[in-house]
Amino acid sequence: NQEIHQSIMHRAKKRRTTSTNKKKKIDGARFHQARREATAGVAPSSSASSSSSSSSSSNALDKHTAAALAAAADGSRRKVESKRSGSKFSMSQSSLSTSSLKRKRKTKSSSSSSSSSGGKSAQTELFGSTMLRHRLILATLTGRPLVVKEIRALDDNPGLRDFEASLLRLLDKITNGTAIRINETGTTLRFRPGVIVGGKYLEHKCPTSRGLGYYIEALLCLAPFAKGDLSITLKGVTNHPLDTSVDLLRTVTMPLMKQFGMEGTLELKIVTRGALPLGGGEVQLNIAATKELKTVHLLQPGKVKRVRGVAFTAKVSPQIGNRMVSSARFVFNHYIPDVYIYSDHYKGKQCGLSPGYSISLVAQSTTDCVLSAECNGTGDSLPEDLGKLAANVLCEEIAGGACVDSAHQWFVLLLMTLTPEDVSRVRFGKLTKHTIKFLRLLREIVGVTFKIKSDDKDNSVLCSCMGIGFKNFARTSV
């Protein structure tokens with residue numbers, strides 16, 4: 001900008017000097033021409049004039065010469081002043097154009113920087129169907145429009161799946177002003193989030209392709225920051241191999257949320273069980289809105305003091321549940337005596353539409369850390385193998401020296417991001433691929449990076465970050 005301004009000033013000065021020299025030459029020529037004309041106009045017409053006439057003509061010559069000289073001087077003075085004013089005007093025009101150019105460049109750079117810095121109105125463009133649920137959650141929390149392209153574009157069945165469309169309908173129910181646009185092939189999604197308002201006495205039927213945990217986890221991330229409390233009934237599969245079961249959501253996920261400062265109503269009631277393939281389960285979820293979270297420091301995993309669990313059976317023999325409990329207890333009795341696994345048998349209308357069974361285990365430590373593991377039964381799996389497998393998975397979680405199990409790593413990282421502007425630290429075990437993808441997604445959408453430090457003693461990982469200070473301004477008190 002300085003070089004442009006200097007070049008403009010140099011050209012203006014050069015033009016001003018050139019025009020001044022030309023005006024001086026023109027004014028001098030006009031002065032001499034006026035003097036010659038005045039002299040020629042008062043010249044004597046005959047040589048036979050008397051002395052008196054010669055004296056009078058000389059006086060007239062002096063008067064006309066003086067008038068011509070005064071007129072020429074006045075004209076040159078006016079032209080010089082007009083030239084000076086014109087040069088000043090041209091200078092002001094050049095400075096104005098320079099300032100306007102600077103202002104335009106500044107506006108353009110500020111707009112590009114605001115769009116690149118990830119402002120609230122900036123649009124995020126992503127590709128593929130990977131972690132679509134997490135993308136929608138972060139977009140709803142931050143209020144940033146989201147565009148997802150090439151959703152399974154090369155698949156035999158391209159576009160969104162039924163469970164993803166059901167999640168979009170659920171987000172539309174608990175928000176106000178959400179705009180969702182999907183193209184004809186379903187490969188492009190345009191999502192403009194609205195305001196989270198919550199709701200009471202809502203109902204939502206979920207497809208059996210995913211479990212209820214797929215939808216409840218999204219509600220647990222969004223509902224605490226709504227304008228009002230949320231009360232909703234969800235129907236579908238309660239225990240699905242791909243998602244967290246409702247048992248772990250009630251015994252592990254909700255206690256983790258309370259450690260982050262959520263002291264309001266947080267309740268999950270299981271009305272009926274639902275297993276694959278037909279489902280038929282029903283749960284009631286109540287979440288109270290909160291003002292803000294608080295920072296946490298989960299650094300010491302402690303020693304395991306008790307193991308609890310639930311083995312549920314529906315439309316099968318109650319002995320299957322007892323066999324799962326016996327095989328799991330056989331593994332834990334070598335390490336700890338305080339083991340209690342409850343056998344929950346459903347019958348009648350409470351057992352859903354399909355037979356099924358599963359086991360969920362929870363380990364509680366002396367520092368109030370909670371680790372979990374679960375296994376869902378299939379048609380060709382023995383109850384003894386299922387109980388033993390769940391117990392071994394929980395032992396691996398405990399051996400990792402973590403304060404949070406693998407299934408809840410991404411959930412805790414999200415809550416750490418939303419905490420006040422202070423440092424939160426949590427010790428994890430080995431980070432899963434899903435967690436690593438979520439860390440990259442947090443950096444891309446929210447702009448938060450984590451400091452990760454590994455511990456060679458127990459192969460654990462210490463993650464710390466500075467919260468963004470996310471607050472629910474719709475609530476006046478906690």
Side-chain angles (χ1 to χ4, degrees), residues 213 238-239 244-260 262-263 266-270 273 296-314 316-346 357-377 381-409 411-412 426-430 455 457-460:
T238 56
N239 297 79
T244 307
S245 66
V246 293
D247 299 296
L248 293 187
L249 289 173
R250 182 180 58 181
T251 57
V252 180
T253 309
M254 291 185 174
L256 279 175
M257 296 177 66
K258 292 182 178 179
Q259 292 189 14
F260 280 87
M262 298 184 185
E263 299 178 354
L266 202 60
E267 181 184 5
L268 179 62
K269 181 181 179 181
I270 303 174
R273 291 280 183 174
V296 295
H297 299 278
L298 302 178
L299 304 176
Q300 300 297 329
K303 302 295 183 180
V304 177
K305 61 180 180 180
R306 67 172 67 93
V307 175
R308 298 290 182 265
V310 175
F312 103 91
T313 55
V316 295
S317 174
Q319 293 299 323
I320 294 180
N322 297 331
R323 291 162 63 183
M324 289 189 295
V325 172
S326 299
S327 61
R329 283 182 60 89
F330 178 78
V331 176
F332 289 118
N333 285 336
H334 293 84
Y335 308 104
I336 184 172
D338 191 0
V339 179
Y340 181 76
I341 304 174
Y342 175 67
S343 181
D344 192 8
H345 180 67
Y346 286 82
Y357 54 92
S358 70
I359 182 172
S360 303
L361 301 175
V362 178
Q364 299 178 2
S365 68
T366 54
T367 56
D368 295 332
C369 294
V370 182
L371 305 176
S372 63
E374 64 177 349
C375 288
N376 294 282
S381 60
L382 294 176
E384 290 81 6
D385 297 340
L386 201 65
K388 186 177 180 180
L389 178 61
N392 291 332
V393 172
L394 182 59
C395 290
E396 291 181 0
E397 294 285 351
I398 297 172
C403 299
V404 179
D405 56 62
S406 302
H408 292 84
Q409 286 180 355
F411 187 78
V412 174
V426 177
R427 185 177 299 276
F428 296 96
K430 183 180 179 180
D455 192 352
K457 295 181 180 179
D458 52 1
N459 296 326
S460 62

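Counting begins at 1 with the first residue of the sequence.
- Look at Arg323 and Asp385 and you find no salt bridge, because none of the NZ, NE, NH1 or NH2 atoms lies under 4.0 Å from a carboxylate O.
- Within the 4.5 Å cutoff, side-chain heavy atoms of His408 are placed close to those of Leu256.
- Proximity of a side-chain donor or acceptor of Arg427 to a complementary backbone N or O of Gly401 within less than 3.5 Å is not detected.
- Not one N or O on the side chain of Gln409 forms a donor-acceptor pair closer than 3.5 Å with the backbone of Phe428.
- Under 3.5 Å, the side chains of Asp338 and Tyr340 contain no donor-acceptor pair of N or O atoms.
- Tyr342 places none of its side-chain heavy atoms less than 4.5 Å from the side chain of Arg308.
- At a threshold of 4.5 Å between non-hydrogen side-chain atoms, the residues Phe312 and Ser360 do not count as touching.
- A donor-acceptor pair shorter than 3.5 Å can be found between the side chains of Glu397 and Ser406.
- The closest side-chain heavy-atom distance from Leu371 to Ile398 is below 4.5 Å.
- Proximity of a side-chain donor or acceptor of Thr367 to a complementary backbone N or O of Gln300 within less than 3.5 Å is detected.
- Between Val246 and Arg273 there is a side-chain heavy-atom pair separated by less than 4.5 Å.
- Counting heavy atoms from C-beta outward, Asn239 and Asp247 have side chains that approach closer than 4.5 Å.
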